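Not measured: the values here are computed from a predicted model. Just so it is clear: chains get the letters A, B, ... in the order the sequence lines come, proteins before strands, and each one is counted from 1.
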There are 2 protein chains.
Amino acid sequence: MAMKALSKATIYQVAQLAGVSIATVSRAMRDSDLVTEQTRERVLAAAKQLRFTPSRAGRSLAEGRHAANGIVFPDLVGPYYAEVILGYEATAAGFGSSVLILATGGRTDADAAVRELATRVDGLTVMGQTVSDEVIAELRLPVVLLARDPVPGVDTVRAQNARTARSLVEHLLGHGHRRFTFLGDPAGSPDVRGRYDGVRAGLKRAGVEPADLVPTKGFDLEAGKEAAKALQPGTAVVCANDELALGVLLAAEEAGLRVPQDLAVTGWDDLLAARFAGLTTVRQPMRELGATAARWLNRRITDDMPAAARRRVLATQLVVRRSCGIHSPEVHR
Amino acid sequence: MAMKALSKATIYQVAQLAGVSIATVSRAMRDSDLVTEQTRERVLAAAKQLRFTPSRAGRSLAEGRHAANGIVFPDLVGPYYAEVILGYEATAAGFGSSVLILATGGRTDADAAVRELATRVDGLTVMGQTVSDEVIAELRLPVVLLARDPVPGVDTVRAQNARTARSLVEHLLGHGHRRFTFLGDPAGSPDVRGRYDGVRAGLKRAGVEPADLVPTKGFDLEAGKEAAKALQPGTAVVCANDELALGVLLAAEEAGLRVPQDLAVTGWDDLLAARFAGLTTVRQPMRELGATAARWLNRRITDDMPAAARRRVLATQLVVRRSCGIHSPEVHR
DNA sequence: TTGAAAGCGGTACCAT
DNA sequence: ATGGTACCGCTTTCAA
């Protein structure tokens with residue numbers, strides 16, 4: 001007994017079984033009117049019996065659209081990207097759009113992968129450090145940039161970096177810190193560069209000597225621990241993200257340095273771990289970033305008129321805990 | 001001047017420009033042989049000039065495959081799923097397969113969404129508590145189950161739950177704990193049920209009275225804090241995951257309870273935060289789970305012969321820190 | 001080596 | 001209200 005039934009049913013088979021044309025089947029399964037209720041029932045019954053599901057490829061070809069869009073990101077390590085993508089997926093789903101993901105991290109053929117992805121979707125959201133502007137420019141479909149420097153004519157959604165970094169510096173200055181180190185590679189991502197710029201601006205404005213820049217090779221715990229070796233006691237270490245900062249915390253403990261007395265440390269992202277490590281950091285609206293990108297992309301795909309490129313910078317928020325300096329009675333958690 | 005150039009080029013236009021048939025274009029862009037080097041060059045030049053990229057829909061329809069597969073998961077909150085998906089994507093990419101994601105959390109039409117997804121891919125990986133076995137059974141394509149109870153005839157990849165949970169209990173017993181509470185909803189996911197079963201088995205074997213079951217409505221920090229209200233001092237609280245445990249830790253601190261003296265707490269997942277909270281927990285090979293699923297799915301898609309269903313349980317590892325009880329000199333981090 | 005043409009599985013226009 | 005049919009863009013025989 002062969003399992004013939006396993007092969008997918010086509011619209012032709014449904015039409016035959018229902019005794020109608022394929023056009024009628026197509027209508028019955030989509031348009032409300034233009035088909036007798038009686039006919040529709042017959043068609044639906046046949047479709048059910050055959051377990052018919054319209055072929056996505058056939059549809060896409062005929063409709064000239066994929067009903068899907070993609071998001072390109074560097075990596076998925078740490079909760080940051082995951083949260084962004086979740087916000088993205090949820091919003092895209094609301095528009096009836098499937099989501100394809102592409103992590104460029106650790107890939108040598110990122111450009112090719114993005115081009116290939118571009119053939120499967122109606123639009124693309126491109127995050128941070130993934131592919132060059134050139135690749136993006138030659139993409140022939142709607143694009144939204146996320147956490148990335150703007151490109152003329154392309155929508156861009158970002159989180160506040162420089163300004164909040166300045167606030168962070170001011171807070172540290174308030175603690176009496178005068179020696180600063182920035183940990184992380186500003187060339188590693190636009191976000192990090194923004195944060196670094198903000199730190200420099202804040203120090204300059206206060207007339208304090210510029211921060212030492214200690215580039216890291218990555219943005220994870222290990223990179224932080226490694227980089228911490230070069231740190232001088234009595235320094236305020238502003239880290240590009242929480243994981244680096246947590247690495248520094250670990251290294252400091254091993255080295256017997258007290259935080260914040262011997263070393264002040266701050267992060268960025270407000271991961272769950274930051275709360276338990278007592279790490280002063282900056283919170284970003286991650287889901288909202290993803291949701292906004294998805295919304296804008298959908299608009300680009302749907303709209304006919306080529307509206308002017310939009311840009312938005314979502315606010316971020318300083319979260320003060322104990323790693324940045326001794327605070328008065330208030331308990332920060 | 002209309003931007004005609006923006007419309008996508010088709011194989012016909014390339015053929016015309018190169019002065020050959022579409023068949024030749026198709027060959028030139030794929031097969032190595034069967035085409036003169038000279039012809040190929042001409043075709044590639046034309047393709048380049050027109051910025052031609054084969055239509056994915058056209059291809060899929062002709063080839064009868066999508067070169068894509070999907071993964072269905074409950075949610076993306078917390079690093080757990082993100083890690084699994086990252087491992088999955090990386091491996092799938094190695095097979096030249098794109099990845100579509102679908103989060104069923106907070107969706108009322110999960111079944112329909114999964115069915116729709118099934119039309120866009122060559123195979124599907126389905127995680128934990130997302131859709132019913134019935135839906136999976138009626139799917140007419142290769143499926144791999146991840147962190148989910150096996151279904152006859154379907155490949156399943158899971159992480160060790162019960163056994164490590166027993167080890168965890170034994171460790172707690174070693175600390176002298178005799179009153180246990182399990183925090184989390186065993187009905188909420190197969191993983192959690194496995195952990196609960198392991199705890200019960202461990203206690204039963206030791207002749208200790210069964211653990212109190214305190215179901216939570218979710219698996220996040222808030223749920224943990226909320227549930228903590230019902231906890232009695234002097235109890236060992238085994239939580240279904242780290243976030244719940246961290247919530248308990250927070251609540252304990254607020255209530256002035258010392259951990260582990262007044263309350264022993266354990267989690268599951270070994271999130272980054274667990275390390276900083278000193279939380280005893282269990283580490284899972286998250287990326288490896290995803291990678292294995294992707295590998296198996298690819299095999300199902302590629303292989304012709306319907307091999308017997310495979311099952312694998314990946315090992316997990318107890319990570320002892322200070323929340324479970326007072327340890328001797330060793331410092332656990 | 002190359003071309004003509006038959007699908008692949010739908011959608012939608014044009015008749016009837 | 002329904003059917004016939006021309007696409008949608010590509011792959012792959014089958015001939016030449």
Side-chain angles (χ1 to χ4, degrees), chain A residues 6-44 46-47 50-68 96 115-116 118-122 140-141, chain B residues 6-44 46-47 50-68 96 115-116 118-122 140-141:
Chain A
L6 259 176
S7 53
K8 271 136 190 165
T10 74
I11 198 172
Y12 290 91
Q13 305 175 34
V14 177
Q16 184 172 25
L17 180 58
V20 298
S21 75
I22 61 165
T24 298
V25 174
S26 181
R27 291 185 193 110
M29 306 210 61
R30 180 164 329 80
D31 310 322
S32 308
D33 5 298
L34 288 92
V35 166
T36 316
E37 192 51 40
Q38 207 175 18
T39 313
R40 176 194 311 288
E41 278 175 23
R42 208 141 39 87
V43 170
L44 293 183
L50 264 36
R51 295 178 169 231
F52 168 68
T53 321
S55 143
R56 188 60 240 180
R59 249 190 199 248
S60 292
L61 192 52
E63 294 180 339
R65 64 184 222 106
H66 299 277
R115 292 201 188 91
E116 137 72 12
T119 68
R120 319 181 151 264
V121 298
D122 301 320
R140 304 296 195 62
L141 79 175
Chain B
L6 259 175
S7 54
K8 271 134 191 166
T10 74
I11 198 172
Y12 290 91
Q13 305 175 33
V14 177
Q16 184 172 24
L17 180 57
V20 298
S21 75
I22 60 167
T24 299
V25 174
S26 179
R27 292 187 190 108
M29 306 209 61
R30 181 166 327 78
D31 309 323
S32 309
D33 4 298
L34 289 92
V35 166
T36 317
E37 193 51 39
Q38 207 176 18
T39 315
R40 178 195 309 289
E41 278 175 24
R42 209 141 38 87
V43 171
L44 293 184
L50 264 35
R51 293 177 171 232
F52 169 67
T53 321
S55 142
R56 187 62 240 180
R59 248 187 201 247
S60 292
L61 193 51
E63 293 180 337
R65 64 184 221 107
H66 300 277
R115 291 200 188 92
E116 136 73 13
T119 68
R120 318 181 151 263
V121 298
D122 302 320
R140 301 298 194 64
L141 80 175

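- At the heavy-atom level, A:T36 lies under 4.0 Å from the strands shown only through sugar-phosphate atoms.
- In this structure, the side chains of B:Q16 and B:Q13 stay at 4.5 Å or more apart for every pair of heavy atoms.
- For the pair B:S55 and A:T24, both in contact range of DNA chain D, the more 5′-proximal nearest nucleotide belongs to A:T24.
- When heavy atoms are screened at a 4.0 angstrom cut-off, A:S21 is found touching base atoms of the nucleic acid.
- Atom P of nucleotide C:dG9 and atom CZ of A:R30 are separated by 17 Å, given to the nearest angstrom.
- Remark: A:E116 CD is packed, more than 12 non-hydrogen atoms of other residues, nucleotides or ligands lying under 6.0 Å away.
- The nucleotide whose nearest atom lies closest to any side-chain atom of B:S26 is, among C:dT2, D:dT12, C:dG9, D:dT12.
- Across D:dC8, C:dA4, D:dC10, the shortest atom-to-atom separation from the side chain of B:P54 is found for D:dC10.
- Across the interface with DNA chain C, nearest-nucleotide mapping of A:G58 and B:L34 shows B:L34 to be the residue nearer the 5′ end.
- Atom CD of B:E116 and atom C1' of C:dG10 are 15 Å apart (whole Å).
- Atom CZ in B:R56 sits roughly 10 Å away from atom C1' in D:dC10 (whole-Å rounding).
- Here the nucleotide nearest the side chain of B:A62, chosen from D:dC10, D:dC8, D:dG3, is D:dC10.
- A:A23 comes within 4.0 angstrom of a nucleotide base, judged by non-hydrogen atoms across all strands.
- Note on A:S60: nothing from the nucleic acid sits closer than 4.0 angstrom, heavy atoms only.
- Across the protein-nucleic acid pair, A:E63 atom CD and C:dA12 atom P stand 6 Å apart, rounded to whole Å.
- In this structure, the CD1 atom of A:I22 is 12 Å from the P atom of C:dA12, given to the nearest Å.
- Across all strands shown, B:V25 has no heavy atoms under 4.0 Å from either base or sugar-phosphate atoms.
- In this structure, B:R42 places its CZ atom 14 Å from C1' of C:dG3, rounding to the nearest Å.
- With hydrogens and angles left out, the side chain of A:R27 and the base of D:dG3 share a donor-acceptor pair within 3.5 Å.
- For a distance-only test at 3.5 Å, the side chain of A:Y12 fails to qualify as a donor-acceptor partner of the base of C:dC8.
- Between B:Q13 atom CD and D:dC8 atom P there is a gap of 11 Å when expressed in whole angstrom units.
- B:T119 comes within 4.0 angstrom of no nucleic acid atom, judged by non-hydrogen atoms across all strands.
- With C:dG3, C:dT1, D:dC10 as the candidates, the nucleotide lying closest to the side chain of B:T39 is C:dT1.
- Spacing between atom CD of B:Q16 and atom P of C:dG3 amounts to 13 Å, rounded to whole angstrom units.
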